[in-house]
2 protein chains.
Amino acid sequence: MVVGDLTDESVDRLFHALADNTRRDILRRSVEGRLSVSRLAELYPMSFAAVQKHVAVLERAGLVTKERHGREQLVRTEPDAVHRARRALDQIEALWRGRVDRMADLLARAPEAGADEPVQGEDR
Amino acid sequence: MVVGDLTDESVDRLFHALADNTRRDILRRSVEGRLSVSRLAELYPMSFAAVQKHVAVLERAGLVTKERHGREQLVRTEPDAVHRARRALDQIEALWRGRVDRMADLLARAPEAGADEPVQGEDR
DNA sequence: ATCTCCTACAACCATTTGGTTGTATGTTAG
DNA sequence: CTAACATACAACCAAATGGTTGTAGGAGAT
């Protein structure tokens, strides 16, 4: 299933990347785009390589980009990707809202006909 | 770090639960709250126990609740939790927009004169 | 009461994750 | 050039994930 131009795999990567507090913190701190990887690494109680991996996860998810600046690699969070993750959630919320609308519909119209809803066919 | 009443761990669980396509699909299909675990299990190319585990992950994340109905356990997605996940993203986006600084500013300084901007933009 | 269906849960297994250390390579400073 | 720093990446390890099968209990149906 595809949401807009987002494949399932990219949504997987997106949410997976967000499911770690260190990575969310890196995201927050890299909004300004002025921190290098080693600068970030100083902030956490783990090795440089570990932070490097976290940045790589964020990068693969498209949440962050790196920009060479001298011998440093500056990390910047990509706001569009955060927005993309939100849209994936919006889609689920929209479904729920659709249900509410339908219920409102049922309440508004006279309840007749006993078809209790087709189960919504195949998908995957 | 805590976002509202959300602990880091609960945000971890939230995003982790969302980082799997089968679970997202269960979420979408359980909006109506009329599918039992075994009914859900029929929809996926995996064992009943596997689907049961996926539901358990969603449940621990607060994204879903189960309601006994006879010998079946009906799964219903909890829209508030979806919304909570969105708020976690909103916080990062807000940071990007520099809103947090302004909000912190508003809280720090004596509240004199009107804020030139409503604190929360659209919510939808 | 018995049979069947739905659920729960334990044990097990392969793969991935999140961390480590070590090595190699490129870039800036002296 | 050489030294120091920033990065990249491989190899390794423990723990978590995502799947399996098997066993057991509770609730309806016959």
Side-chain angles (χ1 to χ4, degrees), chain A residues 1 8-27 29-30 32-76 119 124, chain B residues 1 7-27 29-30 32-77:
Chain A
M1 206 216 187
D8 289 331
E9 287 75 25
S10 69
V11 178
D12 285 359
R13 282 193 293 269
L14 217 39
F15 285 126
H16 168 69
L18 290 167
D20 181 284
N21 195 43
T22 300
R23 287 195 289 263
R24 288 192 299 274
D25 198 66
I26 291 175
L27 262 194
R29 292 190 194 263
S30 302
E32 309 278 339
R34 278 192 267 97
L35 293 175
S36 64
V37 180
S38 45
R39 209 55 110 73
L40 281 167
E42 292 168 10
L43 301 171
Y44 308 101
M46 64 185 76
S47 68
F48 169 78
V51 173
Q52 207 177 14
K53 281 190 184 181
H54 280 304
V55 172
V57 169
L58 290 167
E59 204 177 7
R60 261 179 272 123
L63 281 162
V64 131
T65 55
K66 288 188 290 188
E67 187 187 346
R68 268 239 119 75
H69 220 258
R71 63 181 161 185
E72 297 182 330
Q73 195 89 266
L74 301 188
V75 179
R76 160 172 285 119
V119 187
R124 44 160 56 233
Chain B
M1 205 217 185
T7 65
D8 289 332
E9 289 74 24
S10 70
V11 179
D12 285 358
R13 281 193 294 270
L14 217 40
F15 284 126
H16 168 70
L18 290 167
D20 180 284
N21 194 43
T22 300
R23 288 195 288 265
R24 289 192 300 274
D25 198 67
I26 291 175
L27 262 195
R29 299 185 120 114
S30 302
E32 308 277 338
R34 282 197 252 95
L35 292 176
S36 64
V37 181
S38 45
R39 208 56 108 77
L40 281 167
E42 294 168 8
L43 301 170
Y44 306 102
M46 63 185 76
S47 69
F48 169 80
V51 173
Q52 207 177 16
K53 280 192 185 180
H54 280 304
V55 172
V57 169
L58 290 167
E59 203 177 7
R60 260 179 272 123
L63 282 162
V64 131
T65 55
K66 288 188 291 187
E67 186 188 346
R68 267 239 119 74
H69 221 259
R71 62 182 160 182
E72 296 182 332
Q73 196 88 269
L74 300 188
V75 179
R76 159 172 285 120
T77 106

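This structure is a prediction, so every number in the text was calculated from the model and none was measured. Residue numbers start from 1 in every chain, and the chains themselves are labelled A, B, ... in the order their sequence lines are given, proteins ahead of strands.
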Practice task
Name every residue in residues 42-52 of chain A that has at least one heavy atom under 4.0 Å from any atom of DNA chain C, in order of residue number, or write none if there are no such residues.
Solution key: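 A:M46, A:S47, A:A49, A:A50 - these, ordered by number, are the residues of the stretch whose heavy atoms sit under 4.0 Å from the strand.
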Handout entry: First of A:G70 and A:H54 reached from the 5' end of DNA chain C, by closest nucleotide
Key =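 The residue whose closest nucleotide sits nearer the 5' end is A:H54.
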Using a cut-off of less than 4.0 Å, is there contact between a side-chain N or O of [X] and OP1 or OP2 of [N]?
{"X": "A:Q73", "N": "C:dT27", "answer": "no"}
{"X": "A:H16", "N": "D:dG18", "answer": "no"}
{"X": "B:T22", "N": "D:dG18", "answer": "no"}

Practice task
Just call it for A:R39: base, sugar-phosphate, or nothing, with non-hydrogen atoms closer than 4.0 Å on any strand.
Solution key: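 Nothing: the residue A:R39, judged by heavy atoms under 4.0 Å, touches no strand.
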Handout entry: Residue closer to the 5' end of DNA chain D, A:K53 versus A:L74 (nearest nucleotide)
Key =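 The residue closer to the strand's 5' end, by nearest nucleotide, is A:L74.
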Problem - With A:R76 via salt bridge (charged side-chain N to carboxylate O under 4.0 Å, His left out) - residues at least two apart - result: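 A:R76 satisfies salt bridge (charged side-chain N to carboxylate O under 4.0 Å, His left out) with A:E67 only.
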Exercise for the section: Report the residues that fulfil salt bridge (charged side-chain N to carboxylate O under 4.0 Å, His left out) with A:R34, sequence neighbours left out, ordered by chain and then residue number. Expected result: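 A:R34 satisfies salt bridge (charged side-chain N to carboxylate O under 4.0 Å, His left out) with A:E32 only.
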Practice task
For residues 51-65 of chain A, pull every pair meeting salt bridge (Lys or Arg N to Asp or Glu O under 4.0 Å), keeping only residues two or more places apart or in separate chains.
Solution key: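 For residues 51-65 of chain A: A:E59-A:K66.
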Exercise for the section: Could you check which residues of residues 55-69 of chain B get a heavy atom under 4.0 Å from DNA chain D? Sort them by number, please. Expected result: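 Of all residues in residues 55-69 of chain B, none places a heavy atom under 4.0 Å from DNA chain D.
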Problem - Interatomic distance, B:D20 CG vs D:dG18 C1' [rounded to whole Å] - result: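 The distance from CG of B:D20 to C1' of D:dG18 comes to 8 Å, rounded to the nearest Å.
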Exercise for the section: Starting from P on C:dC6, measure out to CG on B:L35 and report it in whole angstrom. Expected result: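 Result: 13 Å.
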Handout entry: With B:R13 via side chain to side chain donor-acceptor pair (under 3.5 Å) - residues at least two apart
Key =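 Side chain to side chain donor-acceptor pair (under 3.5 Å) list for B:R13, sorted by chain: empty.
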Exercise for the section: State whether B:D25 and B:R29 are salt-bridged, where the test is any N-O pair (Lys NZ or Arg NE/NH1/NH2 against Asp/Glu carboxylate O) under 4.0 Å. Expected result: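 B:R29 and B:D25: salt-bridged.
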